[in-house]
Amino acid sequence: MGPKSMNEKTEYFDISPEISESLAVWPEDEKYRRSIQVDFKKGGNLLLSSIETTVHLGAHADAPNHYHPSGEAIGERKLDYYLGSCQVITVFQPRGSRVLPKDLKGVKILAPRVLIKTQSFPDPNQWNSDFNSLSPQLVEYLADQGAILVGIDTPSVDLMDDKLLLSHTAIYSRNMAILEGVILDAVPDGVYTLVALPLRLKNADASPVRAILIKGEISNQ
Ligand SMILES: [Zn+2]
């Protein structure tokens, strides 16, 4: 999927997977389900449906209360985290490993939001356990460079079997924000404007987001 156009000078990349009942979620988590209450096909006067789902669905923002008992819920988080200058950096890692600062190969950090492209979770509808994750060292390094949000194109900033949640914990201690499950395959490395606003869900530990990366000026047309 390549960039889409907003006007001649501006392109955007949709970095959210399609949400459907096929979308893979964490093994013990609640899959997305949509049920239809009123349907044209059944003689209804409109289409009306409802959904049940984990809040950790597709492209989503984790809230601090997901990984710390005194953390904020997603509806309380300030939106500045999820809106603004954002850098995409590709790494080449063996499957199932954490990304360390040295794996950035000296790339300069140019934005306060950083998305790490690992391509280790290639199909959002097909779960694989050997995805890459961040490392606490990388979190510390990015925080020291001024990062306020870190994201990754896998289901978690920690490895699947990490019950200590080492990267989540480092992110908590630096009061950063997390984006998980974004799709970066078509996005070249560079600096963009990120828009990935979570829903204002009271007490919730995450929210799905419609995440996009914008290249160029945002016009008010
Ligand atoms: Zn999550």
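For ligands, and for the atoms within them, numbers begin at 1 and follow the listed sequence. Keep in mind that the numbers below use all heavy atoms, side chains included, and drop hydrogens, waters and symmetry copies. Bear in mind the structure is a predicted one, so any value in this text is a computation, not a measurement.
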Look at the aromatic rings of H68 and Y172 and report parallel, tilted or perpendicular, splitting at 30° and 60°.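 H68 vs Y172 ring planes: parallel.
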Which count of protein N, O or S atoms is obtained for distances strictly below 2.8 Å from the Zn ion (ligand 1)?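 Counting protein N, O and S atoms closer than 2.8 Å to the Zn ion (ligand 1) gives 4.
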Hey, does E21 have a side-chain heavy atom less than 4.5 Å from the side chain of R34?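 R34 reaches E21 side chain to side chain.
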Can a donor-acceptor pair be found between the side chains of S133 and D158 at a distance below 3.5 Å?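 Side chains of S133 and D158: no pair found under 3.5 Å.
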Do H56 and D29 get their side chains close enough for a donor-acceptor pair, meaning under 3.5 Å?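 Note: H56 and D29 side chains miss the donor-acceptor criterion.
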Any ion pair linking E72 and R77 (charged N to carboxylate O, less than 4.0 Å)?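 Yes, charged N to carboxylate O under 4.0 Å.
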Ion pair R174/E140, N-O distance below 4.0 Å: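 Yes.
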